[in-house]
Amino acid sequence: MIFWVIMAVLAASVSLSVLMPLYRTRQLGRRLEEQEMSVYRDQLGEIDRDVERGLIAPSEAEAARNEIARRLIKADGSKPGSEQGAAATPRAERPRQVAGILVVVVMPLAAIGLYLWVGSPNLPDAPLEARLSAPPAEQDTAALLARVEKHLADNPDDAQGWRVLAPVYARMGRYDEAATAYRNIVRLLGGTAENETALGEALVRADGGTVTDEAKAAFERARALDPQMIGPRFYLALAKGQAGETEDAIAGLQKLVEDSPADAPWLGSVRQVIAHLESIGEAPRGPSAADIEAAGGMDGEDRAAMIEGMVAQLADRLEAEPDDASGWARLVRSYMVLGRPDDARAALDKARAALAGDEEKLARVESEAAASGLSE
Amino acid sequence: MIAELGHFALILAFVLAVAQATLPFWGAMRNDPRMIAVAGPAAVTQFLLVGLAFAALVHAYIVSDFSLLNVVENSHSQKPLLFKITGTWGNHEGSMLLWVLILALFGALVAAFGRNLPDRLKALVLSVQAWVASTFLLFILLTSNPFLRLDPAPIEGNDLNPVLQDIGLAIHPPLLYLGYVGCSISFAFAIAALIDGRIDAAWARWVRPWTLAAWGFLTLGIAMGSYWAYYELGWGGFWFWDPVENASLMPWLAATALLHSAIVMEKRDALKIWTILLAILAFSLSLLGTFLVRSGVLTSVHTFASDPTRGIFILAILCIFIGGALTLFALRASRLAPGGVFAPISREGALILNNLFLTVMAAVVLTGTLYPLVLEALTGARISVGAPFFNLIFIPLAVPLLLMVPFGPMLAWKRGDLRAASERLFAAFGAAILAAMASAWLAGTEHILSLFGVALAFWLIVGALSELAFRIKLFRTPPGDSLRRLAGMPRSAIGTTIAHAGVGVTVLGLVVATTWATEDIRSMKAGDGVEIGSRYVQLDGFLQRDGANYKETVVRFTVYRTSDVVAVMEPSKRSFAARQTTTTEAAIATFGFSQLYVSLGDITADSTVTVRIYWKPLVTLIWLGAVVMALGGVLSLSDRRLRVGAPRPARRAAAAPAE
């Protein structure tokens, strides 16, 4: 309410500041020509002072006086009629009334209208200090979090604070900060199996699922403290999988499944990972990760040459082991991508010959060929 | 509530500006003294309103009110208080608000101090001012509103660009804006004269102080910007012919020309049309500068956000004001009485030559700045026009102008005696030759052109002082008499002397610092040392420090001169967490007018750091010269005298009624 009152007062005083000169009854100052003439009178005085100081010779001063006097007479003679008289006539009152209405009605209304359009009258100020010191019940999570952060910036050795903060960060998806919090917990409370595991998990999440060296070290410390703990065993197996030691990884995970009770909640995800790892093991050979990495660093021509080379390799391999439906499908698609439809058609024909008799496999190659845009 | 009140005050300011733009104008057309009288109070109220809005924004920055989008984007709660305040205009929206605030300030000053200004002229001037103000206020409200709110408010802001977290931000933009916007007053006077269809010597009398003030601020603003770039950007350069710098140099050249042509107009009642045109050009170039910097056409530290709507809006403002002013000029200029003819060898002849050179120089800068933009727009080719172009064209234009500077004040009005003027400049000529010989002896004759540059600098300084010496008859009358004459000298004449000498000081700094600077780049470890500028700089070690919102790695150097410690220098690399950026803070030690400049490159893990060390002889003179120039401006400004000047011969005065 007080806000609207202040706004109204502000708008009214602005109108008033324009209205006052418009309706002032007091006689206005000098006539306009008189003001101009006073400039010339000042100039005449200036000449006198210059003569006194000896800056100009008396003869020059005389000429200057004449010059100014001439301008003065000209200014006095050029009166375009007395405005002072005109101001009082009704003819002059009309525009002033229009102006008055503009100032009193249109100006404030326009201002308020514009304000309601672009402003946010219902939003109070939110100075940070006040937000942080408001009672907790009235604070949003962000403010509460900022408060704890501020406290910890001043007291970085408050383990309790870090323990409050760490899971909040993890829940908010701010894994980097969660990892920092767990690092501090480990630093202050010592590395228990739980703390180290939580640190490792935060690090893995922060890196988008990759078990980094630092995370691996944390899990290894946790496993040393508690060899039976599920978390470290799982992530360390995963690390092996990511390092390409697929069989070791699968073995580790299967051991984990065997050691777990039959109704353990984590079994589902462990089995899922095992299945995934197994599918990687079976995956048809293609360019290795190293090859792809190398391709990223090449220029366009080299990359094309490398791809051509890989396609040729695939074609050679299929000559030797023709019973590979997905291989044929890949070859057909590759030729299409490379813009060699004739070769693609030839490959499809070879596949038909090689896979004749196995309807299911042949269908896969046919559908792949159709999907890649190969028309008969 | 404070933020919303500020927002409302800004809107009221806009509405009032529209009223101020129309009512006094209407009144002036109808000769209605009451409507004319609206101008003054409206200008003052408008300043109060914009001031209220600005104060509200500053308040929001100080208390870190993150419910304002502008504060979130450009502030941080951990920032030191000074940078919270300066951060208010360290962004697009805030800087536009500062621009309008200064515009309103100038309007209020005209209203308050223009008491003996004819009411009608004052009303027209303030009305033109309000046209400018209302378009810019509309621009702010529609495209760059700093009072937009956020709900819910974030808990932390994005911080200010660390490069801008410097005391320079507190000084450079306000000074430069005072200069840019000050040009709007001369512009408003010019437009008022064109609308009115008459102009006289008294007009020049009113315009001069405003132009002088704007010119002084522009001079200081540019110098401050240059010094800031010098110490903050970390590679020891002070002028890069960057388009943004050119944008400020162009109005400066035009304002300098205007300053000189206004003298001719005031003294001789001549050069009226040209003066009007210069007043229009000076402000047009200021607007162009605003457009180049604010539209995102150029990218630099000055471009805070590029938004095509804003660019188009500013372009439209530019077209309306420049196009409108020039059209009005074309229509009405012929109605203004032309001035008399005068001899080429005379004070006014010299001033015209000065104007000619300055405008051509401004045109060169304009071409060099806009050509790449136009070329890119037309053909898509990206070229950069830099120092080689400007040095090739700008300097050959500047040198003859500077050579002529000492002659100007020595020549009499109407008909000067070049020979007598030259004789009076013998001392300056001798000093120039001596200075060149002395520097040849000190530094060798390897850089012949630079020796010439040193001579030019002394020619300017001693030439300016000789004029003063001549006027007070130094050594030709007893000292007491000279002193009395000095006291009797008009302050504007002393101002001229000082400003011209300031030009010489800047030239000396430029020539010496660019020619005889030495530079050393090397990687150093603790204990390593470098010999530079007859000093020995030794790296002592590294230390870590925490600032309010940054962490810095400081490298400590000790500077020895013949085994005495003369300075300890601590350049650093700061890393700001909020924006994840690092800045390099150079360390500067000043010895006399020369500086030792140390800046850091990469610091490697084994504590080796790449160090750039510069020895810049007399470099501070570049900026001190600008301060001296501005000082001359202030002195001249304090001279409230009316200039009458030597009148015309009686015969021509009698023929004058044709005016």
Side-chain angles (χ1 to χ4, degrees), chain A residues 3 6-7 10-11 14 17-18 20-24 28-29 32 35-36 38-40 42-43 46-47 50 53-54 56 60 63-64 66-68 70-71 80 83-84 86-87 92 95-96 99 102-103 107 110-111 114-115 118-121 123-129 131 140 142-143 145-146, chain B residues 1-5 7-9 11-12 14-16 19 23 26 30-35 37-38 40-42 44-45 49 60 63-67 77 116-120 141 145 147-149 151-156 200-202 205 488 490 641-642 644-650 653 656:
Chain A
F3 172 66
I6 295 176
M7 274 195 20
L10 207 57
V14 168
S17 77
V18 180
M20 266 182 13
L22 213 50
Y23 282 87
R24 189 155 41 191
L28 278 142
L32 297 180
Q35 295 177 343
E36 197 176 322
S38 78
V39 173
Y40 292 126
D42 286 351
Q43 286 188 337
E46 183 64 31
I47 291 177
D50 275 2
R53 278 183 294 185
I56 50 175
E60 281 178 359
N66 288 340
E67 167 82 17
I68 292 163
R70 196 179 53 75
R71 290 185 203 160
E83 302 90 7
Q84 222 52 42
R96 198 171 298 152
L102 281 176
V103 168
M107 247 173 61
L114 203 57
Y115 174 72
V118 293
S120 320
L123 224 53
D125 284 348
L128 192 64
E129 205 53 45
R131 279 167 75 192
D140 45 287
L145 198 63
Chain B
M1 191 175 84
I2 295 174
E4 289 304 309
L5 274 178
H7 197 174
F8 185 60
I11 289 168
L12 270 178
F14 164 68
V15 176
L16 181 63
L23 291 184
W26 194 8
R30 302 183 60 255
N31 264 326
D32 180 335
R34 285 188 176 141
M35 275 211 222
V38 167
V44 175
T45 313
L49 287 172
V63 301
S64 295
D65 186 340
F66 293 123
S67 66
S77 62
N116 48 3
L117 197 61
D119 284 347
R120 199 180 131 87
L141 288 172
N145 195 332
F147 290 106
L148 295 183
R149 305 293 297 273
D151 189 28
I155 203 73
E156 194 49 271
D200 50 29
R205 161 80 189 78
R641 211 170 47 100
L642 300 154
V644 185
R648 300 168 194 189

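Convention: sequence-line order gives letters A, B, ...; per-chain numbering from 1.
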*Asks:* What distance do A/Ser17 atom OG and B/Leu16 atom CG have between them, rounded to the nearest 0.5 Å?
*Replies:*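 Atom-to-atom, A/Ser17:OG and B/Leu16:CG are 5.5 Å apart.
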*Asks:* Which one, B/Leu49, B/Asp65, B/Leu5, leads in non-hydrogen pairs under 4.5 Å with chain A?
*Replies:*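 So the answer, after comparing B/Leu49, B/Asp65, B/Leu5, is B/Asp65.
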*Asks:* Of the non-hydrogen atoms in B/Ile155 and A/Arg131, which two are nearest, and what is the gap between them?
*Replies:*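 That closest heavy-atom pairing would be CD1-NH2, 3.6 Å.
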*Asks:* Minimum heavy-atom separation for B/Val38 and A/Pro21, please, with both atom names.
*Replies:*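 Taking B/Val38 first and A/Pro21 second, the nearest heavy atoms are CA-CG, 3.8 Å.
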*Asks:* Which of the residues B/Gly40, B/Pro41, B/Ala9 is involved in the greatest number of heavy-atom pairs with chain A at under 4.5 angstrom?
*Replies:*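 Most heavy-atom pairs within the cutoff with chain A belong to B/Pro41.
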*Asks:* With a 4.5 Å cut-off on heavy-atom pairs, point out which of A/Leu10, A/Val18, A/Ile6, A/Asn66 contacts chain B the most.
*Replies:*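 Looking at each of A/Leu10, A/Val18, A/Ile6, A/Asn66 in turn, A/Leu10 comes out on top.
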*Asks:* Quick one: closest heavy-atom pair of A/Ala99 and B/Leu23, and the distance?
*Replies:*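 For A/Ala99 and B/Leu23, the tightest heavy-atom pair comes out as CB-CD2, 3.6 Å.
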*Asks:* Please examine the side chains of B/Val15 and A/Val14, heavy atoms only from C-beta on, and report whether any two atoms are closer than 4.5 Å.
*Replies:*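 Side-chain contact under 4.5 Å: no.
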*Asks:* Rounded to the nearest 0.5 Å, what separation is found between the CG atom of A/Leu22 and the CG atom of B/Asp32?
*Replies:*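 Going from CG on A/Leu22 over to CG on B/Asp32, the span is 7.5 Å.
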*Asks:* Please give me the minimum heavy-atom distance between A/Leu128 and B/Ser77, naming the atom from each residue.
*Replies:*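 Looking at all heavy atoms of both residues, the shortest contact is CD2-CB, 3.2 Å.
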*Asks:* I need the residue from B/Pro154, B/Ala19, B/Ala42 with the largest number of non-hydrogen atom pairs under 4.5 Å to chain A.
*Replies:*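 Most heavy-atom pairs within the cutoff with chain A belong to B/Pro154.
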*Asks:* Rounded to the nearest 0.5 Å, how far does CG of A/Asp125 lie from CE of B/Met1?
*Replies:*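 The distance works out to 8.0 Å.
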*Asks:* Of all the heavy-atom pairs spanning A/Pro124 and B/Ser67, show the shortest one and how long it is.
*Replies:*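 Closest pair (atom of A/Pro124, atom of B/Ser67, distance): O-OG, 4.2 Å.
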*Asks:* Does any backbone or side-chain atom of B/Ile2 lie under 4.5 Å from a heavy atom of chain A? Answer side chain, backbone, both or neither.
*Replies:*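 Both the backbone and the side chain of B/Ile2 come within 4.5 Å of chain A.
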*Asks:* Side chains of B/Ile11 and A/Val118: does their closest heavy-atom pair fall under 4.5 Å?
*Replies:*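 Yes, at least one pair of side-chain atoms sits under 4.5 Å.
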*Asks:* Kindly write out the residues that satisfy side chain to side chain donor-acceptor pair (under 3.5 Å) with B/Glu4, not counting sequence neighbours, or none if the list is empty.
*Replies:*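 Per chain and number, B/Glu4 pairs via side chain to side chain donor-acceptor pair (under 3.5 Å) with A/Tyr115, B/Arg149.
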*Asks:* Is it the backbone or the side chain of B/Phe8 that comes under 4.5 Å from a heavy atom of chain A, or both, or neither?
*Replies:*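 Both parts, backbone and side chain.
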